[in-house]
Protein chains: 2
Amino acid sequence: MPQPRYLQIKNEILHEIQTGALRPEDRIPSEHRLAERFTVSRLTVQRAIRELVSEGLLRRTQGSGTFVTNFTHRFSLIEVRDVVEEIRRLGGEATTEVLLHRRCAADHEVSRLLEMEAGSDVFHVALVQSMDSEPVAYEERFAVPSVYPDFLDQDFSKRSVFDYLASRSVLEEIENVVAAVTPDKRIAALLEIGRAEPCILIQRRNWYQGRCVTLTRITYAGSRQLLASRYRPYELAGGR
Amino acid sequence: MPQPRYLQIKNEILHEIQTGALRPEDRIPSEHRLAERFTVSRLTVQRAIRELVSEGLLRRTQGSGTFVTNFTHRFSLIEVRDVVEEIRRLGGEATTEVLLHRRCAADHEVSRLLEMEAGSDVFHVALVQSMDSEPVAYEERFAVPSVYPDFLDQDFSKRSVFDYLASRSVLEEIENVVAAVTPDKRIAALLEIGRAEPCILIQRRNWYQGRCVTLTRITYAGSRQLLASRYRPYELAGGR
DNA sequence: CAACAATATTTGTAAGTACAAATTATTGCG
DNA sequence: CGCAATAATTTGTACTTACAAATATTGTTG
C-alpha cells in the first residue's frame, strides 16, 4: 500500500481546491457518494474530510452538506520565538547579561497590565541578549510571585527566562502586541545602537488559570531581522 | 447526550496535561486500556487522541505508545491581517487612495525578491490606506503579470488588492519579514507623521505553483497598534 | 552473557453497521 | 396556491471486527 486511502482522498480534494476545480462555497459530494466513487467505506472518506475541516479548507453543516471555505487565509502568521531560541536557530552563540533580578513593587503601568493592585509585589528581571557578542535584544520581564516561587533562585544567564517560565506553567492564553519604537538613551546604549535607529518592541502577556501571570517587553535592535517566517498554508500530506 | 464521548475523553486528557498530572514525555495508557476505562470503543478513544495529536499536545509512535509532547510552545503566533481587513475588524471605515497603478520594469531589488530577471515587466501599485480619514499604512505591491493578467483593469480604491490577489491564486507559501524603520520624507508626508516616528515595515512574498508571484511592502504608521493578537493555545473543546 | 528468534503489545488503516440530529426536498391537504 | 406534515438526504457519533506494521518484551540457544 503506497499511501493510505484517506490521504489519497484528502490530497485529491486539496488538489481540486488548489487548481480551482472546486471553488469557494462549492458543495462537495456527500460522504456516501465519495465513498462510492473511491470504493471505500464512509469512515475513510469521513477521516479525509474531517482533517480538511480541521485545517480550515472545508466547512460542514449537519443535514446540509460540506462546502469549500472562502476563507482564503484572511491573515498570515508570524512566529515569535524566544530570543535565545531564535539565536540558536540561526546558528549563533547566545549569551545573556543579567542587569536586574529582584523583587519589587509594581508601578502603575505594570500592575495594570498584570491585572493586579498597584504596589503589589512582583518579580522583575532585566537582561541583554547577545548573539556572538553582539547585543540584539533588551528584555524586561515581570512575573507573579505566587506562580513562580523560586524565581529569585534562578540563574538566568545559564537557563533562559523563557525556559524557566515555560517549565512552571502550561499557558492558557497569550497576547502579543508589536510596535515600532525609538529606544531611550539607556536601551540604545545597552544595544549599542544610535538613538535614531528604530526598534521593534514586543509586549507579551501570559495567562494561567484565569490570571495574568507574566509580562514581557522585548526591544529588538532594529536592523537585525529576527522576525521572519515562512510557511506553507496548505501542504499536501504524506510523502510523494 | 450532553457532550460526545470523544470530546469528554479529549478534555479529560487535556485537563490532566494542564494540571500537570500528565507531564511532558509521560506515556499515556494505550488505546485499549483507555477504551476499557471509559467503556467506549477503541475508535472513540482514537478520535480523541488523534485530535490532540493534530493540535500538537500528544505524539504517537506505532508499536511504542502515545506520549505527552514537551513542546511547550517554542513560539507564539501573531496574525498579520490585511490592512483593510484589520480596519474593519476594529470597527473603522477604510478608504484607499491609489497613488500608482502601472506596469513597469522591475528594479534590481524587486526582481531579486521576485526571483526573476532584472528588468522584467511587473505590475506595480502604491497606495495609502486610511482608517476614518486618518492614514495608517502605505502599501506597495508588485505582482507577476502572467498570473494576474487583469491587474491593471482593477479599481483598487473599491476592492482591496489583497482581495483581488487572493481571488486569483491559492498560495502555496508565504514569507513575512518584519522590521522597524524610519520613514523616508515622502512616506512620512503621506502618513502625516514626523520623520522621527518609527514605523513597522512588513514585507511579504507569496509563492504559487513554485514561483514567487507577489511582493508586498507595507509601512504601518508607528503608534497605531494594528499588530496585536491574543489567542489560546490549547482550548478545551466543545461547550460547558 | 550475548545474540537471535519468537511473542506480545501498541498504533495505523479500513470495512461494515447502526441510529441520532439537522437540514432540505417532497408530498398532500385545505 | 400556500402551508404544514412527511420523507429523504446528509452529517454526527459510536460500536464491532479485522488485519498490517512498528516496536517492545520475553525466551531460547550457543
Side-chain angles (χ1 to χ4, degrees), chain A residues 1-14 16-17 22 24-71 236-240, chain B residues 1-14 16-17 22 24-71 236-240:
Chain A
M1 193 196 312
Q3 203 184 24
R5 312 294 305 269
Y6 80 92
L7 270 187
Q8 288 174 26
I9 297 169
K10 187 179 164 185
N11 285 339
E12 181 141 339
I13 296 175
L14 225 163
E16 282 179 19
I17 293 175
L22 278 173
E25 298 304 320
D26 275 1
R27 175 167 155 187
I28 73 169
S30 72
E31 290 183 358
H32 185 74
R33 234 175 284 277
L34 284 172
E36 252 178 5
R37 163 133 74 97
F38 291 102
T39 49
V40 295
S41 79
R42 209 188 122 200
L43 198 90
T44 305
V45 169
Q46 204 176 46
R47 180 162 177 192
I49 292 180
R50 234 190 351 234
E51 292 194 3
L52 287 169
V53 168
S54 84
E55 289 163 26
L57 283 129
L58 298 179
R59 164 181 57 81
R60 10 186 37 191
T61 317
Q62 189 173 127
S64 177
T66 305
F67 306 85
V68 178
T69 305
N70 68 351
F71 207 80
L236 282 185
R240 48 194 316 172
Chain B
M1 195 195 309
Q3 204 184 24
R5 310 295 306 271
Y6 81 92
L7 270 186
Q8 288 175 26
I9 297 168
K10 186 179 166 188
N11 285 339
E12 181 141 338
I13 296 174
L14 224 163
E16 282 179 20
I17 292 175
L22 278 173
E25 298 305 319
D26 275 2
R27 176 169 154 184
I28 73 169
S30 72
E31 291 184 357
H32 185 74
R33 233 176 285 277
L34 284 173
E36 253 177 4
R37 164 133 74 95
F38 291 102
T39 47
V40 295
S41 78
R42 210 189 122 202
L43 200 88
T44 305
V45 170
Q46 205 176 43
R47 178 162 179 193
I49 292 180
R50 235 189 352 234
E51 293 195 1
L52 287 169
V53 168
S54 83
E55 289 164 26
L57 284 128
L58 298 178
R59 164 180 56 81
R60 10 187 37 192
T61 318
Q62 187 173 128
S64 177
T66 305
F67 306 86
V68 178
T69 305
N70 67 351
F71 205 80
L236 282 185
R240 45 191 320 173

Novice: Tell me whether B:Arg5 contacts the main-chain N or O of B:Phe38 through its side chain, where contact means a donor paired with an acceptor under 3.5 Å.
Specialist: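 Indeed, once roles are kept as given, a pair shorter than 3.5 Å links the two residues.
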Novice: Under 4.0 Å between a side-chain N/O of A:Ser41 and OP1 or OP2 of C:dA15, yes or no?
Specialist: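 True: A:Ser41 side-chain N/O within range (under 4.0 Å) of C:dA15 OP1/OP2.
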Novice: Quick one: is D:dC15 close enough that its OP1 or OP2 comes under 4.0 Å of any side-chain N or O from B:Thr44?
Specialist: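 The answer is yes; a side-chain N or O of B:Thr44 sits under 4.0 Å from OP1 or OP2.
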Novice: Is there a side-chain contact between A:Leu57 and A:Val68 in this structure, where contact means two heavy atoms from C-beta onward sitting under 4.5 Å apart?
Specialist: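 No; the side chains remain at least 4.5 Å from each other.
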Novice: Tell me, do B:Thr69 and B:Ile17 make a side-chain contact under 4.5 Å, heavy atoms counted?
Specialist: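 When only atoms from C-beta onward are counted, B:Ile17 and B:Thr69 do not touch, as no gap falls below 4.5 Å.
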Novice: Roughly, in whole Å, what's the span from NZ in A:Lys10 to C1' in C:dG12?
Specialist: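 In whole Å, C:dG12 C1' and A:Lys10 NZ are 15 Å from each other.
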Novice: Whether A:Thr66 contacts D:dT11 is assessed here as follows: a side-chain N or O lying under 4.0 Å from the phosphate OP1 or OP2. Is that the case?
Specialist: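 So the side chain of A:Thr66 is within the cut-off, an N or O lying under 4.0 Å from OP1 or OP2 of D:dT11.
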Novice: When you measure from every atom of DNA chain C, which of residues 24-34 of chain B have a heavy atom less than 4.0 Å away?
Specialist: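 Output list: B:Arg27, B:Ser30, B:Glu31, B:Arg33.
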Novice: B:Gln62 has an atom CD; how far is it from atom C1' of C:dG12, in whole Å?
Specialist: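 Between C1' of C:dG12 and CD of B:Gln62: 5 Å.
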Novice: Once rounded to the nearest 0.5 Å, what's the spacing between atom OG of B:Ser41 and atom CZ of B:Arg47?
Specialist: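 Answer for the OG-CZ pair, B:Ser41 versus B:Arg47, is 11.5 Å.
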Novice: With heavy-atom distances below 4.5 Å as the criterion, would you say the side chains of A:Lys10 and A:Arg50 are in contact?
Specialist: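 A side-chain contact is absent here, since even the closest heavy-atom pair is not under 4.5 Å.
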Novice: Can you tell which of C:dG12, D:dT13, D:dC15 lies closest to the side chain of B:Arg47?
Specialist: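 Per side-chain heavy atoms of B:Arg47, the pick is D:dT13.
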Novice: Using whole Å, report how far CD of A:Glu51 lies from P of D:dT11.
Specialist: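 Between P of D:dT11 and CD of A:Glu51: 17 Å.
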Novice: Any side-chain N or O of B:Arg60 less than 4.0 Å from the OP1 or OP2 oxygen of C:dG12?
Specialist: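 Yes, because at least one side-chain N or O of B:Arg60 sits under 4.0 Å from OP1 or OP2 of C:dG12.
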Novice: Please report the distance, rounded to the nearest Å, between CG in A:Leu43 and P in C:dT13.
Specialist: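 To the nearest whole Å, that distance equals 12 Å.
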